[in-house]
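Here the structure is laid out as structure tokens; the discussion comes afterwards.
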Amino acid sequence: MRRTVRSVRTGGRRTGRVALAGAVCAAALAALTAVPAQAHQRPQWDVKDTGVSDVRFRGLAAVSRHTAWVAGTRGTVLRTTDGGRTWRDVSPPGAGDLEFRDVEAFDARRAVALSIGEGEASRVYRTDDGGATWTESFRNTDARAFYDCLTFFDRRHGLAVSDPVDGRFRILSTSDGGRSWQVLPDAGMPAAQDGEAGFAASGQCLVSAGPRDVWLATGGAARARVLHSADRGRTWTATDAPVPAGDPARGVFALAFRDRAHGLAVGGDYRPEQASPRAAARTADAGRTWRPADRPPPAYRSGVAWLPHSRTAALAVGPTGTDLTTDGGRTWRTVDTGSYDTVDCTPDLGCWAAGEQGRVARLER
């Protein structure tokens, strides 16, 4: 899974409860994705009061409709366990100068956060007690490296990605839940293009699905690309993506995979004065080929997430609005004009979004 790693149990009475919950979620999903008869019936973001207005949250980990983590500027990490009614500041001590751009949560108590930047500004922290205490588990000492995103396959295995060092993207690996990290050999990584990099815009430039598959989104070069690994980051293949490229501000900014085959890519040109006419694409073959959306979002989008219990519905967010697809990414329609940088959904339909000025919201109908 991409954002939040969850355990799954089956059998007996629990199976019955899961089936009932699935039926309820399916009914709620139908309500969320139905074409509304009136504007006020559209899915809407319910903005939550986080108590901060000077922080931009680009890191988001949704655990459930009740629990979510956000991470952002000024070294800020917040957590809610009551659906956003109250938020606890659980920022790591002494991190006020850091820029957190990604957070991955296992549950309400355990999470891993990534700060970005050149050299020692790129760090990884882990908490096991809901943010009461943090342990710094990685600090980058290579001035050439700049880490952008995290992802976890399960509660133990995860990766982080840095912009190219010596002409190849650098991959960091953990097998103990983020408590320790090792740089993987780069022999299986294709050469980077001139100027190619990842975008630390939403914590979604590196995403995973299942126990071994992971994808990396790139931009800033002549061609936007998506790189895929089927062995937890040891070997990779690269495919061009049909989104704007050819400039440091253009490329694929976020990915989402609902399984190891079906994925979405969004991006464009993040400069507000520049158009992004081809800001979305889709794949049905694990990223070997990508097709542009027939009707893409109208502007740059930095975050994307599949709605749970659906094979065709997803949300994309950016500074100018939120778009919904109900046909697997072929067409998108705008459902909200608020500014958000990242989005994440949970099996109980707990879709959350976060962005500038301390904005965090949960999707409601």
Side-chain angles (χ1 to χ4, degrees), residues 58-59 71-75 77 91-104 111-127 134-153 156-208 214-221 224-229 231-238 248-249 251-253 255:
R58 294 184 183 270
T73 55
R74 302 176 181 267
V77 180
S91 306
D97 293 333
L98 299 179
E99 297 267 346
F100 286 112
R101 295 294 181 93
D102 200 355
V103 59
E104 304 287 330
V112 178
L114 170 74
S115 67
I116 59 100
E118 297 178 348
E120 293 191 2
S122 287
R123 305 179 193 179
V124 179
Y125 292 80
R126 177 179 167 113
T127 182
W134 293 83
T135 300
E136 181 184 307
S137 59
F138 172 77
R139 181 179 298 204
N140 174 47
T141 57
D142 191 333
R144 302 168 298 170
F146 185 117
Y147 284 85
D148 299 298
C149 294
L150 287 168
T151 192
F152 275 85
F153 303 95
R156 294 175 53 207
H157 301 91
L159 302 176
V161 62
S162 164
D163 290 339
V165 176
D166 293 331
R168 300 176 191 273
F169 284 94
R170 175 170 288 181
I171 301 297
L172 200 63
S173 175
T174 180
S175 59
D176 56 12
R179 295 178 179 86
S180 64
W181 298 83
Q182 300 80 37
V183 174
L184 292 182
D186 65 2
M189 175 67 71
Q193 304 174 83
D194 289 343
E196 192 173 23
F199 290 108
S202 61
Q204 296 179 314
C205 66
L206 186 72
V207 303
S208 56
V214 59
W215 295 263
L216 166 62
T218 81
R225 300 197 299 177
V226 176
L227 282 65
H228 172 231
S229 171
D231 55 10
R232 291 185 180 164
R234 295 192 175 274
T235 60
W236 298 79
T237 56
V252 179
F253 282 70
L255 299 166

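Note: hydrogens, waters and symmetry copies are ignored here, and every other heavy atom, side chains too, is used.
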* Asked: What is the minimum heavy-atom distance between Val165 and Ala145, and which atoms define it?
  -> CG2-CA, 3.8 Å
* Asked: Quick one: does Phe169's side chain get under 4.5 Å of Asp186's, heavy atoms only?
  -> no
* Taking atom CZ of Arg168 and atom CG of Leu227, what is their separation to the nearest 0.5 Å? -> 11.0 Å
* To do: Could you please spell out the steps behind the side chain to side chain contact (heavy atoms under 4.5 Å, CB included) verdict for Arg225 and Gln193?
  => CA-CA 10 Å; Arg225 300 197 299 177; Gln193 304 174 83; 3.4 Å; yes
* Asked: In terms of ring plane angle, is the pair Phe199 and Phe253 parallel, tilted or perpendicular, where the classes change at 30° and 60°?
  -> parallel
* To do: With rounding to the nearest 0.5 Å, note down the distance linking CE in Met189 to CG in Leu184.
  => 8.5 Å
* Asked: Of the non-hydrogen atoms in Ile116 and Ala200, which two are nearest, and what is the gap between them?
  -> CG2-CB, 4.1 Å
* To do: Measure the SG-CZ distance between Cys149 and Arg58 for me, rounded to the nearest 0.5 Å.
  => 11.0 Å
* Asked: Rounded to the nearest 0.5 Å, what separation is found between the CZ atom of Arg74 and the CG atom of Leu98?
  -> 13.0 Å
* Search all heavy atoms of Val77 against all heavy atoms of Pro92 and return the closest pair with its distance. => CG2-CD, 3.9 Å
* **Beyond-backbone contact of Thr218 with Val252, side-chain heavy atoms, under 4.5 angstrom** => no
* Tell me, with the steps shown, if Leu159 and Phe153 meet side chain to side chain contact (heavy atoms under 4.5 Å, CB included). => CA-CA 8 Å; Leu159 302 176; Phe153 303 95; 3.8 Å; yes
* Pairwise distance CH2(Trp215) to CG(Leu206) - rounded to 0.5 angstrom -> 10.5 Å
* **Side chain proximity check, Asp166 to Arg144, heavy atoms < 4.5 angstrom** => yes
* Tell me, with the steps shown, if Val112 and Phe152 meet side chain to side chain contact (heavy atoms under 4.5 Å, CB included). => CA-CA 10 Å; Val112 178; Phe152 275 85; 4.0 Å; yes
* Within-4.5 Å side-chain heavy-atom neighbours: Arg170 and Asp142 -> yes
* Do Trp181 and Ser137 meet the criterion of a side-chain donor-acceptor pair at a distance under 3.5 Å? -> yes
* Contact check, side chains of Ser115 and Arg123, non-hydrogen atoms, under 4.5 Å -> yes
* **By salt bridge (Lys or Arg N to Asp or Glu O under 4.0 Å) - contacts of Arg234 (at least two apart)** => none
* Taking the side chain from Ser229 and the backbone from Val214, do they hold a donor-acceptor pair closer than 3.5 Å? -> no
* To do: For residues Ser91 and Gly75, report the shortest heavy-atom separation together with the two atoms involved.
  => CB-O, 3.2 Å
* To do: Working to the nearest 0.5 Å, report the span between CG of Leu114 and CD of Glu99.
  => 11.5 Å
* Sidechain-backbone polar pair: Asp163 side chain, Gly198 backbone, donor-acceptor under 3.5 Å -> yes
* With a 4.5 Å heavy-atom cut-off, do His157 and Ser175 have their side chains touching? -> yes
* To do: State, to 0.1 Å, how close Ser162 and Asp148 come at their nearest heavy-atom pair, and which atoms those are.
  => C-OD2, 4.1 Å
* Asked: Which pair of heavy atoms, one from Glu118 and one from Phe146, lies closest together, and at what distance?
  -> N-CD1, 3.5 Å
* Determine yes or no for a side-chain-to-main-chain donor-acceptor pair under 3.5 angstrom, with Ser173 supplying the side chain and Gln182 the backbone. => no
* Ignoring hydrogens and geometry, is there a side-chain-to-backbone donor-acceptor pair from Arg101 to Gly72 under 3.5 Å? -> no
* Asked: Got a donor-acceptor contact below 3.5 angstrom from the Asn140 side chain to the Glu120 backbone?
  -> no
* Does the side chain of Val226 reach to within under 4.5 Å of the side chain of Leu255, using non-hydrogen atoms? -> yes
* Do Phe138 and Tyr125 make the cut of ring centroids closer than 6.0 angstrom? -> no
* Side-chain heavy atoms of Leu172 within contact of Val161, under 4.5 Å -> no
